[in-house]
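Below you'll find the structure, written out as structure tokens, and then a few comments.
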Amino acid sequence: MKWFTVFGLLTFLVFSFPSIGTAAQEMSVTREAPDVSGPLKGRIGVVVESHFDELELVKFQEFFPANGYEVVFMSYLWDQPELTFTGNDFTHQVVVNTDITKVDLSEFDGIILIGGYAMDRLRYETKVNPDGTSSAPAVDFIRKVIETDRIKVGTICHSLWLLTAAPDLLSGKKVTAAHNILADVRNAGGIIQIVDNQAVDTFVDGHLISGKHPEVVDEFMQVYLSEIEKDN
């Protein structure tokens with residue numbers, strides 16, 4: 001057998017059965033966030049989809065329940081009772097059974113759009129409207145959230161992508177985001193906050209709280225919590 005044939009066979013085995021090439025890494029699966037410590041202060045919805053940022057998922061489900069806020073993971077479930085989404089690093093999954101089309105927004109103080117590529121996936125439209133308006137269920141959902149003029153909306157890293165699908169929701173808003181999507185945000189009318197040629201770490205514009213990327217998630221959560229508790 002020629003050497004390249006052997007190499008091809010080994011490559012097939014490694015990619016088909018990853019545990020042959022490397023030690024199999026156990027997947028961490030979240031079905032619900034931890035219980036709230038102390039009295040319940042409120043509820044925060046975290047919108048997820050596949051290719052979410054795993055650090056943010058872990059941080060959100062630790063920080064907010066520890067500060068009195070129940071975390072509810074939610075998504076568009078395509079008429080399924082629940083769906084399981086996998087993170088960017090393929091080490092964390094989250095099982096979601098709360099559909100954004102059935103959420104009672106009166107029960108929530110905040111909605112956070114998780115980073116990674118999840119919000120890009122949630123912009124998907126099964127049909128395209130000739131006038132260019134988005135028909136994605138997640139876009140309709142975030143529009144309703146913003147229209148409450150009460151719920152704090154948190155975005156971090158790439159998650160402003162969801163709002164770029166409906167520029168009227170972003171136009172004129174002062175925000176920060178991952179440098180990768182700054183052109184998208186500008187094209188949708190967002191005003192990027194820049195200091196020393198860098199997007200700022202966090203920024204608050206009314207009910208919209210934005211964070212630059214996962215490395216500032218701790219600061220983002222503190223700012224977000226402060227904004228929620230100002231009104232409670």
Applying the 4.5 Å side-chain criterion to the ILVMFWY set and letting contacts propagate, would [X] and [Y] be lumped into a single cluster?
X: Val47; Y: Leu105; answer: yes
X: Phe203; Y: Leu225; answer: no
X: Leu160; Y: Val216; answer: no
X: Tyr124; Y: Val48; answer: yes
X: Ile181; Y: Val200; answer: no

Could you walk me through whether Val103 and Met74 pass the side chain to side chain contact (heavy atoms under 4.5 Å, CB included) check?
CA-CA 9 Å; Val103 167; Met74 57 181 63; 4.0 Å; yes
Donor-acceptor pair, [X] side chain versus [Y] backbone, under 3.5 Å?
X: His179; Y: Ala199; answer: yes
X: Glu54; Y: Phe90; answer: yes
X: Glu56; Y: Gly115; answer: yes
X: Asp99; Y: Leu77; answer: yes
X: Asp205; Y: Leu208; answer: no

Short N-O contact, [X] and [Y], less than 4.0 angstrom:
X: Lys230; Y: Glu227; result: yes
X: Lys59; Y: Asp218; result: yes
X: Arg31; Y: Glu82; result: yes

Of the non-hydrogen atoms in Leu83 and Trp78, which two are nearest, and what is the gap between them?
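Minimum heavy-atom separation between Leu83 and Trp78: CD1-CD1, 4.3 Å.
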So, [X] versus [Y]: side-chain donor-acceptor pair below 3.5 Å or not?
X: Thr176; Y: Gln193; answer: no
X: Thr133; Y: Asp131; answer: yes
X: Thr84; Y: Gln93; answer: no
X: Glu125; Y: Ser135; answer: yes

Can you list the steps and then say if Trp161 with Asp184 is a side chain to side chain contact (heavy atoms under 4.5 Å, CB included)?
CA-CA 8 Å; Trp161 256 339; Asp184 302 336; 2.8 Å; yes
What's the verdict on side chain to side chain contact (heavy atoms under 4.5 Å, CB included) for His207 and Ile151, showing C-alpha distance, side-chain angles and the deciding distance?
CA-CA 7 Å; His207 295 318; Ile151 296 174; over 6 Å; no
Return the CD1 to CG distance between Ile194 and Leu182, rounded to the nearest 0.5 Å.
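Interatomic distance, Ile194 CD1 to Leu182 CG, rounded to 0.5 Å: 6.0 Å.
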Measure the CG-OG1 distance between Leu170 and Thr155 for me, rounded to the nearest 0.5 Å.
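So the CG of Leu170 and the OG1 of Thr155 are separated by 8.5 Å.
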Walk me through whether Asp53 and Tyr117 qualify under side chain to side chain contact (heavy atoms under 4.5 Å, CB included).
CA-CA 8 Å; Asp53 186 276; Tyr117 301 102; over 6 Å; no
